[in-house]
Every structure is written in C-alpha cells, then in structure tokens.
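Shown next, in structure tokens, is the structure this report addresses.
Owing to the predicted nature of the structure, the values given are computational and were not obtained by experimental measurement. For ligands, and for the atoms within them, numbers begin at 1 and follow the listed sequence.
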Amino acid sequence: MRTKSLLLAACLSLTLAPAAHAQTVTGSGVVPSAAANSAERAIGFAASAPANGALVVVMTDATLPPLGGIALGASERGAIAAAVAAASFDGKAGSTLSLRGIGAWSRILLVGAGTTPAPLALAEAGGKAAQELKSEAHPVTVAGAYGDAGAADVAYGFALGQYRFDRYKTVDKKAPPTGAVTLVGANPVAAEAAYKNRWKPLADGVRLSRDLANEPANVIYPESFVARVREALAGTPGVSIEVLDEAAMRKLGMGTIVGVGQGSPRGSRLMLVRYRGAGAPDAPIAFVGKGITFDSGGISLKPGAGMWDMKGDMSGAASVMGAVVSLAKSRAPVHVVGVAALAENMPDGNAQRPGDITRTLSGKTIEMLNSDAEGRLVLADANEYVAQAYKPRAIVNIATLTGAIVGALDDQYAGLFARDEKLAAALLAAGTASGEELWRMPLHKNYAEKIKSDIADIRNIAPSQGPGASIGAHVIGYFVDEATPWAHLDIAGVNDASKASPLVPKGMTGFGVRLLDQLARDGQ
Ligand code: BES
Ligand code: ZN
Ligand code: MN
C-alpha cells in the first residue's frame, strides 16, 4: 500500500515535471531509506545454541566435524552419517545435502567447503546456506570446523548470499526469513570482532551498491543517489562530502558531464566522498565511477529490448560508494576519495546531438559522434576535477562502459585497462583475494589513432567497429595526466547476474565493492 502510493507519487512528479532542462525533478520524497529493504536474518555468534531450528554444518569431507556447543545425540549422528553415505556427499566446495526429520531440527543442511578451505570457500559455504534457507521459517544455527576467523568468513558469505531486493513486491512476496542466524564456535567474542571490524562493513557496502543499482531509474537519479549515499554515511568519522550540482559544473566548465545530462530534467551531479583514516598518507587514491542513472542512449537511442537494464548503468558509481562505506565504517587506515559522475542520458529537444563538440574541464575538446558513448564523457570531467581538487596518487575508474567487454569476457571477469604496471598488478591481486576477478585488456597506442578528430581534439567513438572496450578506455585515458597511475575497470559484463551464485544472488551484483575495498587496504 505504502509502496504503491510512493510509486504513484514518483510517476506524478514525473508527469508534472517542467520541461525546462535546468529544473530539477525531486521525486517528491521517494527516497526510501535503506532500512526499508526487506528483512534479512540478524547475524550473531555464540559458544552454544539450542538443538532446534535449522542447523547448517560446514563440511570439509564426508565426516561430520566436532560440533562443540551443539547437542547432537548418537542417533542423530547415525542418521546424518547414513544419509551422507547414501547420497555420496563428500563435502566438496559448492555441494549441499538437505536432511529433514532428524531430532528436533526443522532441517539439517550440510554444506561443503572442500578440504582445507580458504576464506573465500568458507564465505561461499555461508552464502550457499543463506540461499538454501531463504524461506526457512526458523532460526538458523551454523557449526563446523572453521575456527574463529573462519566463523567470520562464513558469516560474511551468509550476509552477501542472503541479499534480496523485493521492496516493491506487494503480492506473491516470499515470506521473509524468520529468526536470526547464529554461528557457533569456541571463541564467539573473537569471531564477532573479526566480523564486525571487517566483514560486516564490507557486506553493508555491497548491499548499498546492489540496492542503488537495483532501484529503478524513477527512484534513483542523480539527486536521490546523493541522498542515499549521504544517509548511508551519516555520522561516520573521517568522512567529508562534496557535491557539485549542474549549475556549479557548468560554471566550472565541465562541458561533457553537463552535456550528457542536458536531455534530462534531472540535474547532473558530481559527488565526491573523501575518507581519511588514522595514519593514512596525504594523497588519496581516487575511485571514480560512472553514474548514469539511466542510459537510454540519448539521441543515439538504444533499441527497446533490454533497455531497462540501463537502470544499472550507475553500477560503477554505486560500487565506489559501497567501497567507501566499507572502508569508513571499518575505520581502515587508508585515504580514499570516491567519486560518482551522475547524469541521466535521455533524448529530448534539449539533448546534445551527434556531432556536437564540448569542452571538458581540462580545456580539451571532444567531438561527440554517438550520444550512447556517454560514460567516457562523464568520466573525462570527473577525472579532471578530482585530479585538480584532490591531487590523488592514483586514479581507478569503474564503469559499465561497453557492450564489447561483455562479448570478450562475459560475466566471468571485469576488463582491466591500465597504463601503470604496479597498479595493474595490485588490482589483479585484489581481484583474486576478493573473488571479484579481472582480466587484463590491451591499451595499444595504435588503437588511439582511431579516436583522433578532424575538428576537435578527439572523438568519443571510432569511425568503424574496432576494439570497442579498448577504444572506450583510451577516450577516458586521454583525459588523465600520464604521470598519474591510472586504471579503468569495464564492468558491463559483471554488474548484473542473470543467475545466482553463492555470494551473489540474481540481479545487480555490487561488483567492485569488494575489489576496491581490498585494493585500498593493500595500499596499492
Ligand atoms: N552503458 C552502455 C554499455 C553497456 C552495454 C552496459 C551493455 C551494460 C550492458 C554504454 O553507455 C554504451 O552504450 N556503450 C556503447 C558504446 C558505443 C556507442 C561506442 C556500446 O557498447 O554499444
Ligand atoms: Zn552507458
Ligand atoms: Mn550508452
């Protein structure tokens, strides 16, 4: 009911919106708080738990590990062992076995993590359990041979895996999970500290990123994106926020970001969030994300099929802010500035036309030959602004930039383009450690020949089909000083999952939060 009226209000505000481009559509209070998202199980740690509800056992092989604080009688153990043998369950990573009718348990779920599981394998076991027990109407107890740090890893995976986005469902809504999840282990205080100091803030950052990207474009537009991020960071020590509105950007001469947004009644924004932890260096690392809150293509309009997915074209900006949330909330000893280059790309009488030439903040000019190649345009101004105003020691872009990267890497890897070998190596390592993997792509200088313009400094597309993802990267890189270590991540193939995996439910993935969080902590 409430949701319906909110949506209605949003639609009304749209219809009533004045056509003048400089007017900002506010959305009449549709910015629902992050807390409005549907129930998740609270996550806790204990030395023991009652012998009822659902039990998850993290297994490394076919043998039931010691379960410490959980009372499991000989007959229950016997029943589990018989089921394990009958099903040839071997505890391999990713395997599960669901049992009912044992003792007073509503269900016993065995989840394999493989022999000597790494932290990521434990997290995946937790994520798998969360998804299997999505609609279990009981509290959940988790046990297994994972130690204190391992319990925090499992909890982290559970937090990522239990994510759902169903706030707009009013009928046929799956019942929210009932009860908390408790991880049982010998030292719950240490396990809880490990979770709260690192993994919970990170899971919160991933949730924010997924929420921002899953929200439709009538709810998340530049101004409401800013409001959501402010809300997520309210009261967090070490954080300072700067927001440039369209008028400020026009005045500064940020022609490309203003140009991309000028077909939309929703004003563009540049949001910069600095977080400086104790003992961190003077120069920050800049994470600069593409924040196109809807990409219709503009006058170079996209075909209709699948266009809805372009509500997620702000995934780069969302993941940048998710990483900043994680780093700030965990008080990491790092110095970062997260930048969201926010605009809505729409066709309109006032929209920019193919062939238009705009001047960026750097003073360089760009011939805009296809308004659907807009991500590189907003990033050109965003990179220049952060370089001037924050003097970062490195710049990392993250953007749903090209369809070409989807053809090359699909949903397996994000594409990594880098001019700096040390930064490239650090990103690849952070990808492996975080589970958000990258594949290096080429930035050959000959590709750059294709973006020379006859009448401006460069053009935003190549004259004919070519290495599209590399061309896009070159356009962005053209606006970054060669002396600044720079990398660009094309996440167009990984920002939206068409099917669930243990840590990533179906829908927008929040890709990049875990990766950038890791990169910042590793010191790059
Ligand atoms: N946002 C799109 C890229 C995209 C495609 C993201 C598929 C996610 C899934 C981007 O703005 C775009 O439209 N790129 C064009 C560039 C072209 C006009 C040079 C593309 O890839 O087709
Ligand atoms: Zn786009
Ligand atoms: Mn586009």
Identify the protein heavy atom lying closest to atom 12 (C) of ligand 1, giving its residue, its atom name and the separation to 0.1 Å. Asp372 O, 3.2 Å
So which N/O/S atom does Asp295 have closest to the Mn ion (ligand 3)? OD2
For the Mn ion (ligand 3), give me the closest N/O/S atom belonging to Glu374, just the atom name. OE1
Protein residue, atom and distance nearest to atom 17 (C) of ligand 1, heavy-atom basis: Ala373 CB, 4.4 Å
Within less than 2.8 Å of the Mn ion (ligand 3), any N, O or S from Asp372? yes
If we only count heavy atoms from C-beta on, is the Pro354 to Ile299 side-chain gap below 4.5 Å? yes
Atoms of ligand 1, numbered as shown, that sit under 4.0 Å from any heavy atom of Ile461: 19 (C)
Asp313: numbered ligand 1 atoms lying under 4.0 Å from its heavy atoms: 1 (N)
Please list the nearest protein heavy atom to atom 2 (C) of ligand 1 with its residue and the distance rounded to 0.1 Å. Asp295 OD2, 3.6 Å
Return yes if some donor-acceptor pair links the side-chain N/O of Asp490 with the main-chain N/O of Leu401 below 3.5 Å, else return no. yes
Which atoms of ligand 1 sit under 4.0 Å from any heavy atom of Glu374? 11 (O)
Could you give me a count of protein N/O/S atoms that are under 2.8 Å from the Zn ion (ligand 2)? 4
Identity and separation of the nearest protein heavy atom to atom 9 (C) of ligand 1: Met310 CE, 3.6 Å
Looking only at protein heavy atoms, which one is nearest to atom 18 (C) of ligand 1, and what is the separation? Asn370 ND2, 3.6 Å
Suppose I only count heavy atoms of Thr400 and a 4.0 Å limit; which atoms of ligand 1 are within that range? 1 (N), 2 (C), 3 (C), 6 (C)
When you measure from atom 20 (C) of ligand 1 to each heavy atom in Gly403, Ala399, Gly493, which option holds the nearest one? Gly403
Which atoms of ligand 1 have any heavy atom of Lys302 under 4.0 Å away? 2 (C), 12 (C), 13 (O)
Does the side chain of Tyr413 come within less than 4.5 Å of Val494's, by heavy atoms? no
How about His335 and Arg274: does a side-chain donor come under 3.5 Å of a side-chain acceptor? yes
Check whether any side-chain heavy atom of Lys364 sits under 4.5 Å from a side-chain heavy atom of Glu384, and report yes or no. no
Heavy-atom side-chain proximity of Leu423 to Val396 below 4.5 angstrom: yes
With a 4.0 Å cut-off on N to O distance, would you call Asp517 and Arg514 a salt bridge? no
Under the side chain to side chain contact (heavy atoms under 4.5 Å, CB included) test against Thr256, which residue among Asp381, Leu379, Thr365 passes? Asp381
With side chains defined as the heavy atoms from C-beta onward, is the minimum distance between Val337 and Val273 less than 4.5 Å? no
Just by distance, do the side chain of Asp410 and the backbone of Gln412 share a donor-acceptor pair under 3.5 Å? no
Consider only side-chain N and O atoms of Tyr385 and Glu242, and report whether a donor and an acceptor are under 3.5 Å apart. yes
Could you check if a side-chain atom of Gln388 sits within less than 4.5 angstrom of a side-chain atom of Leu361, using non-hydrogen atoms only? yes
Classify the side-chain pair Ser315/Asn495 by whether it contains a donor and acceptor separated by less than 3.5 Å. yes
Counting heavy atoms only, which part of Gln465 comes closer than 4.0 Å to ligand 1: side chain, backbone, both or neither? neither
So which protein heavy atom does atom 10 (C) of ligand 1 come closest to, and at what separation? Leu401 O, 3.3 Å
Among protein heavy atoms, which sits nearest to atom 16 (C) of ligand 1, and what does the distance come to when rounded to 0.1 Å? Arg376 NH2, 3.8 Å
Is the backbone of Ile357 close enough, under 3.5 Å, to the side chain of Glu367 for a donor and an acceptor to pair up by distance? no
